[in-house]
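First comes the structure, then the notes that go with it.
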Protein chains: 2
Amino acid sequence: MEEKRRRLVTLRDVAQRAGVSTMTASKVLRGAGSISEKTRQKVRQAAEDLGYLPNSLAGSLSSRKSRMVAVIIPSIADVVFSEVLSGVNSVLRPRGFQTFIGESLFDPEVETDLLREMLSLRPAGLLLNGGMMRSPDAESLLERRNCPAIHLWDSDHAEHDFSAGLSHEEAGRLVAAHFLERNLRRIAYIGAELDRDLCARRRYLALQSALRARAIDLVSVACESMPRQAETGRVLTEKLMETHPQIEAIHFLNDAMALGGLSYLHEAGIRVPENVSVVGFNGTSLANAVRTRLTTIDVPRMEIGSVAARALLQMLSGELVDGRWQAPLRVAQGNTTPKI
Amino acid sequence: MEEKRRRLVTLRDVAQRAGVSTMTASKVLRGAGSISEKTRQKVRQAAEDLGYLPNSLAGSLSSRKSRMVAVIIPSIADVVFSEVLSGVNSVLRPRGFQTFIGESLFDPEVETDLLREMLSLRPAGLLLNGGMMRSPDAESLLERRNCPAIHLWDSDHAEHDFSAGLSHEEAGRLVAAHFLERNLRRIAYIGAELDRDLCARRRYLALQSALRARAIDLVSVACESMPRQAETGRVLTEKLMETHPQIEAIHFLNDAMALGGLSYLHEAGIRVPENVSVVGFNGTSLANAVRTRLTTIDVPRMEIGSVAARALLQMLSGELVDGRWQAPLRVAQGNTTPKI
DNA sequence: ATCTTCATTGTTATCGATACCATCCGGCTG
DNA sequence: CAGCCGGATGGTATCGATAACAATGAAGAT
């Protein structure tokens, strides 16, 4: 234990061993400035001999540059966001950037705290999940930031410097169109935590208003306090079918909830899609794994992440990126809605 | 853009505005030392007026302490690890620690790079996923670290300062016992990427050796290059049933692959569990969501994360934690294996 | 009235790097 | 041969905080 607390090797130690100044050693190890090949060798050798590990706290403080990128997403355990994250990582990691992940759990307070802590580390860039309530404190932190900020997941509103995501309104309309084309009229929506997830809410509202344009009322069964998981989908579907036995089609907040719903429908002897059609959202690998291939909206999650990351890199290299990138959306027809 | 590059407010600015020394301001904002209430007020007011955001790079450099914890897991997009991560976060976040996440993708090279970069940030602690190949460079980096390190996911071997995980050997034995109790004799294993995921491999080997003790040969169908997902499970199950049509039971690497397998069996008209029994691994929410409740091994993933995080906190506060924590395992009987 | 004493506040050095600029020196130009 | 040039190197200040200790001053003790 005592041994572990020993002072780590510093650049100065390396320089001394190589018989050069710290400045020279610094340049060699960063690959900056012009240094003779002989000196480079010496320094590199010394660094290796001593097992030198640079201290990037010191480096970043001094140069006022860092290779850390802060990312705030609602939930790590939700496949949807973790896949966006994978996309981000796949671009940033190979370029030597570290991503710093914060989990807001859809809570604006937590998000504000995270933002404060992360900005304290003076990251090179900021990736934020869109579609959340944002506290005034958070807004003011964002204004004071001195790094590019990119908005993920939501491209309906262009906030910050760049947005990469999908149009949740379009997604809602796509579902409406899908149902209408199939002459389904008695339609329901099942969701959860809509008070906090503004993106999901926007999909819901878009579906609702598209239906209302055809004089159709959308039945909604949502629970703010239950998790957005299969079990919740199951429970809410049961509740829906009891109160509205004549329903013909259900759109779920996500695929997991849709699967839960399917499982209830099956047990209740309700046939899909003959009696009830089901549409999920996300196009997760689940959707195809089950016996009944779920009709859902495919979202290119990895791509959203990688596009956002690339935009960030461009901004860091000085190019003035601006605007937004909108992911292409499509209905992936499974066999939980009738084919036409 | 120009505006964003302005110098941020420093502690000195705050101190000047409050009419005190930087040291005093520092103490107030950290809540250290003894400072009069009047001065505290002044400093806090000044900090708020200016929108002061501490620079933790400078703070950590100076105090040689940080509140960053580095975590390296194989994959963020895999629910299994992301749930462990959520457990970690749930403990560390409320205590003001930042987790720094690296994704190794089961690649030792990547892991080594990550380790180097993360240690460069001088984290307060290190959480590593067990059961991976580790390069010699990585080993030497680990030896030179000056922070506590904790092993996640694997508790068969106690490495580093503490391990929190499960016994993969026990898991393998549990599955063997489950099959044997049900008089299943023609048994197969389906997995992927076993060359890199040593934990999964250990489960497989434990199953194999437990069966061999009863003179039973385990049939194995594994593919190193395919992802450990539903689709792979489906494909490999098809392959298995073609070559070994007489098989009675299959254990899959994880629940997702098991679901893929179930979906194939169903389509091929093979009845579960009458003709073939299926056991997954993990106890993910999927397992219960589908019509056929999957028999699987329940692993308390969140708890593994939170136990590890608590152990880390204890070590940071000076208590000499040592040893390991082993997660309780149990077979969750679904209806993909016969009841007894 | 003088000396402690303790709470409060300030001074200086340092953490480990990089930025910026000065210096050195061998070779080339005129 | 002086003067200039540019590649190679080093010196010093600085980044923005904290550690360690010194200094201040008012209250209480003798």
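Numbers restart at 1 for each chain; the letters A, B, ... are given by sequence-line order, proteins then strands. Computed from a prediction, not measured in an experiment: that's the story for all the values here.
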(message) Testing the basics here: between B:Arg144 and A:Gly51, what is the closest heavy-atom pair and its distance to 0.1 Å?
(response) NE-O, 3.1 Å
(request) Heavy atoms only: give me the nearest A:Leu11-A:Tyr52 pair and the separation to one decimal. (result) N-CE1, 3.4 Å
(request) Could you state the atom-to-atom distance from CD of B:Glu37 to P of C:dA7 in whole Å? (result) 16 Å
(request) Report yes if at least one side-chain N or O of A:Tyr52 is closer than 4.0 Å to OP1 or OP2 of C:dA17; otherwise report no. (result) yes
(request) Heavy atoms under 4.0 Å is the rule here; annotate nucleotides 9-15 of chain D 5' to 3' with B where the base is hit, S where only the sugar-phosphate is, and - elsewhere. (result) BBB---B
(message) Rounded to whole Å, please give me the gap between CG in A:Leu57 and P in D:dT18.
(response) 13 Å
(request) Send over the distance from B:Asn146 CG to C:dG16 P, rounded to a whole Å. (result) 11 Å
(request) In whole angstrom, give the distance that lies between atom CZ of B:Arg122 and atom C1' of D:dA17. (result) 17 Å
(message) Just the rounded figure in Å: distance from P of C:dT8 to CD of B:Gln41.
(response) 14 Å
(request) Check whether any side-chain heavy atom of B:Phe81 sits under 4.5 Å from a side-chain heavy atom of B:Asn129, and report yes or no. (result) yes
(message) From NZ of B:Lys38 over to P of C:dT8, roughly how many Å is that when rounded to an integer?
(response) 12 Å
(request) Send over the distance from A:Leu50 CG to C:dG16 C1', rounded to a whole Å. (result) 15 Å
(request) Would you please name every residue forming a side chain to side chain contact (heavy atoms under 4.5 Å, CB included) with A:Glu109, sequence neighbours left out? (result) A:Asp107
(request) Would you check if there is a donor-acceptor pair between the side chains of B:Ser26 and B:Arg30 at a distance under 3.5 Å? (result) yes
Using a 3.5 Å cut-off and no angle test, enumerate the donor-acceptor pairs between side-chain atoms of residues 67-76 of chain A and protein atoms at least two apart in sequence or in another chain.
residue	atom	partner	partner atom	Å
A:Arg67	NE	A:Gly96	O	3.3
A:Arg67	NH2	A:Arg95	O	2.5
A:Ser75	OG	A:Ala77	N	3.3
A:Ser75	OG	A:Asp78	N	3.3

(request) Take the protein atom CG of A:Leu53 and the nucleotide atom P of C:dG16, then report the distance between them rounded to whole Å. (result) 13 Å
